[in-house]
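Sequence lines set the chain letters: A, B, ... in the order given, protein chains first and strands last, and positions in each chain run from 1.
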Number of protein chains: 2
Amino acid sequence: MRFTSEQRFDDGVLEREFVLGEIPGILWTPAPASAPAPLVLVGHPGGLPTMYPRLAARARHAAAEGFAAATIELPGSGDRPRSAAADQARADLRRAVRAGEPVADEVVDRLVLPLVDQAVPEWRAALDALLPLPGLGGPVGYSGGVISIGVRLAVVEPRISAALLFAGSYVPRAIVEEARQVTIPLQVLLQWDDEGNDRQVALDLFDAFGSAEKTLHANMGGHTGVPQFEGDDANRFFARHLK
Amino acid sequence: MRFTSEQRFDDGVLEREFVLGEIPGILWTPAPASAPAPLVLVGHPGGLPTMYPRLAARARHAAAEGFAAATIELPGSGDRPRSAAADQARADLRRAVRAGEPVADEVVDRLVLPLVDQAVPEWRAALDALLPLPGLGGPVGYSGGVISIGVRLAVVEPRISAALLFAGSYVPRAIVEEARQVTIPLQVLLQWDDEGNDRQVALDLFDAFGSAEKTLHANMGGHTGVPQFEGDDANRFFARHLK
């Protein structure tokens, strides 16, 4: 991992861009404290340059509670090489949605499963690189982003102690099955009237999670309309489980 | 309304038992403040003597945030005269549940609709009696209890500005339809694995509410296992809407 730029904000948060091999990423650390900061991995749908304002806002909100935050670009997004197969699957999905047709399971599988298979080892490699840094340490949380990536990470990565998942993308049936193996505390956000999302699959996924502590927060406001108070509640969720 | 007893707790909260006609009730008011306290109506499934410890805990938790709280006994419960028809409907419901059979809509209707029809005017009469009291005033919230009573109150009682509802009892289909008329901010608690409750009806009810701001919080832990953190969040919900 190599840092490529840094800036410090008025609130004391240090933002550092890095590359991990060919993968761009960003690390935000709160003003130095006596104890190492727990780390929240900030998920997103892909495209760091576009997503940056929202990601930085989430990270600085977490930093205000003493958490470090980090993200990396997803395969095929932002400045990373595109995948012809993923582009084709995305086009097929959009065509079905525009035509008002149900999205075929095989289209969802073609779009999401290769992404999960490639992204999850990258996020784990990012953890390997980030956790030894000075000021970082302690338990790790995963927040938001492509929910199928969060599910797989929660299953395979023992350093992740709690996850706040956003049920806002299509989920392969295989991932719903995989969710039965998840046992860490979860908070799942669902935008109830999100037209680009299958509400019933989201509810099936929530039902499938094996965690003894799992909470579903459903709100109105469309895909991008998650209420402000959920940001505060995300901090409280991570404070309960990472501190 | 006539007060029949009072006690003051260490935290400054004044608890007063009262009767409203033949209906017993309890009022909790926080330590006197400069502004009138918003009032939270504390719902319950019926049976004040049995429910008292939990109700008092919820009321004092609300009082710590500056809210007054009040409750009244439900028709047919506690020390009030029983209803033979309601007892029969309850027995029919229990028989179906024990036999593992679906509970017939007409049983739910017989149990819940007369209760709603009788209880709602009583809670409105309680508001008439309570709101003029010194130290009370401002907007009113409704919290918990038989959800069908909460739905009807939210439709017909304009003094109620926000409601935190507990989806933990059988809901007549007519009440699901009535819910479309609700427009106040709502937070709905659902215990996901509550075996004495129909999860799909609860989700249909949440979907039906006409409110632009409605939030569903689903948790694990069975009917009585609502997590502690939901109590704190209930205060934050009312603080957003009653202050």
- Closest heavy-atom pair and its distance - B:D207, A:W192: OD1-NE1, 2.7 Å

- Task: Using the six-membered ring of A:F229, assess whether NZ or CZ of B:R240 lies under 6.0 Å from its centre and within 45 degrees of the ring axis.
- Result: yes

- Message: If you count heavy atoms of other groups shown closer than 6.0 angstrom to CZ of A:R54, is the number above 12?
- Response: no

- Item | Distance (rounded to the nearest 0.5 Å) between A:L203 CG and B:Q200 CD | 8.0 Å

- Enclosure of A:R94 CZ (heavy-atom neighbours >12, cutoff 6.0 Å): no

- Can you find a heavy atom in the side chain of A:D233 that is under 4.5 Å from one in the side chain of B:R236? yes

- Query: To the nearest 0.5 Å, how far apart are CD in A:E230 and OG1 in B:T215?
  - Reply: 6.5 Å

- Item | Crowding at CD, A:Q228 (>12 non-hydrogen neighbours, <6.0 Å) | no

- Message: Is it the case that atom CD in B:E195 sees more than 12 heavy atoms from other parts of the structure closer than 6.0 Å?
- Response: no

- In terms of heavy-atom pairs under 4.5 Å with chain B, which of A:E213, A:Q187, A:H217 leads? A:H217

